[in-house]
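See structure below.
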Amino acid sequence: MPTDENPPGARRFVEPSEGAFAITVPDGWRVQAGLARQGAEPRPWYLVQSPGGGAELRAIDPRMPGSFLDAPFGAMLLPGMVPRPYLPPEAFAEEYARHFARERGAARCEVIARRDVDAMVRDDPRPDAAARVQALMAVGGVLGGVEFVSPDRGRRGVVDVVTLRMPMMGALSWTPMVTAYDGPAAEWPAVRDTLLRIVRSYASNDAWQQRLRMNMQAQHEATMAGLRTNAAVLQMQAQSGMEAIHAHAARAHASAQSAAEVSAMQSAGFAARQASVEESHRRAVNGVREVQDLYDPVTREVLRGAPAEVPHWWSDGAGRVVGTDGTQNPDPARLHRLENLDDLGGDPSRRR
């Protein structure tokens, strides 16, 4: 996490349960945060309110399901999924805006504008904002949002949605990630600026991310080991010479094979979705930190944390790394080019 000092009048808040992330908030503002564990992986969330509750910011609503599944009747559901037809992010944002306004005490909610990708990028003054959004879209992300007003409460707000989509067997898994904020309409420009600064201060904990990946891998391996043990027991029963036991074992073996096939499909779906989420997270974290990851095609190593503003990198394969603005190799006899891991989709095996 960043260790820079907080700006005057602000404090750094760390997620309390596992230290998963940190945000910077104005002094006196109320913060709630945690990890929602409704699906395969925990989802960090936070809720920030100004003194008196005049302004509110929500990032990931922990009450929402981890994912929705747009699928024919009878399709297989993974943990955390809820059957629901797919909604484009703008439509989901409008639905959530009405829900948000009601919870904030408004009787009316009027959508006054729709927000596309360009509008969302304009809210982020960092020079690499467009590149980070493009990287997110490259791994299946779609973005959209709405601006709304609550006339009876004199409030104005925004709901932005980033939806990650993943095709499954005859279905579509989609995960909408909501950022919603509102405040007094009369003070809206200043309130909105403050809330957006909080959003942009989010910093994930790399050590927590590593522990999460290790735990999920261990759970997956334990599940597969249990299936292999059960299959071995059923196979021993199937080899019995008694006809009754043999018939029973044959039926059980067929059932075990079906279970193994279902488990394999679940594992493949989970692995693909986890890879997409991890790649999106890697790019998002690099975007916040303004760094890039480099792949060395000679040593097959990944070098992390190179400054993003330097476009070309070279290495001698023995620890010496050089960055240049131009495309010319500064020392052709010793150095070879390093590749941006983003260009390989986060997976060096995709290298041509």
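The figures here come from the full heavy-atom set of this structure, side chains too, leaving out hydrogens, waters and symmetry mates.
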Salt bridge present between [X] and [Y] (N-O < 4.0 angstrom):
X    : Y    : result
R197 : D193 : yes
R211 : D206 : no
R104 : D182 : yes
R63  : E103 : yes
D331 : R320 : yes
R114 : E147 : no

> Does any pair with a residue in residues 99-149 pass ring-ring contact (aromatic ring centres under 6.0 Å, His included), and if so which ones, sequence neighbours excluded?
Replying inline: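 Every ring-ring contact (aromatic ring centres under 6.0 Å, His included) pair that includes a residue of residues 99-149, provided the two are not neighbours, is Y96-H99.
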> Regarding T324 and W314, is there a side-chain donor-to-acceptor distance under 3.5 Å anywhere?
Replying inline: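 Yes - a donor-acceptor pair under 3.5 Å links their side chains.
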> In Å, rounded to the nearest 0.5 Å, how long is the span from CZ of R283 to CG of L136?
Replying inline: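 Spacing of CZ (R283) from CG (L136) equals 9.5 Å.
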>> I'd like to know if the side chain of R192 reaches the main chain of G183, judged simply by a donor and an acceptor atom lying under 3.5 Å from each other, with no hydrogens or angles considered.
In response: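 It does not hold such a pair.
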> Is there a donor-acceptor pair closer than 3.5 Å between any side-chain N or O of E15 and the backbone N or O of S17?
Replying inline: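 Here the side-chain-to-backbone pair exists.
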Could you pull out all donor-acceptor pairs under 3.5 Å where a side-chain atom in residues 158-169 meets a protein atom, sequence neighbours excluded?
unit_1 : atom_1 : unit_2 : atom_2 : d
D160   : OD1    : R115   : NE     : 2.7
D160   : OD2    : R115   : NH2    : 2.9

Contacts table for residues 48-55: side-chain donor-acceptor under 3.5 angstrom, sequence neighbours left out:
unit_1 : atom_1 : unit_2 : atom_2 : d
Q49    : OE1    : R30    : NH1    : 3.0
Q49    : NE2    : E56    : OE1    : 2.7
S50    : OG     : G54    : N      : 3.2
S50    : OG     : A55    : N      : 2.8

> Is it the case that more than 12 heavy atoms not belonging to R334 sit under 6.0 Å from its CZ atom?
Replying inline: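 No - once you tally the heavy atoms of other residues, nucleotides and ligands closer than 6.0 Å, there are 12 at most.
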> Can you tell if the side chain of L195 reaches within under 4.5 Å of the side chain of V199, non-hydrogen atoms only?
Replying inline: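 No; the side chains remain at least 4.5 Å from each other.
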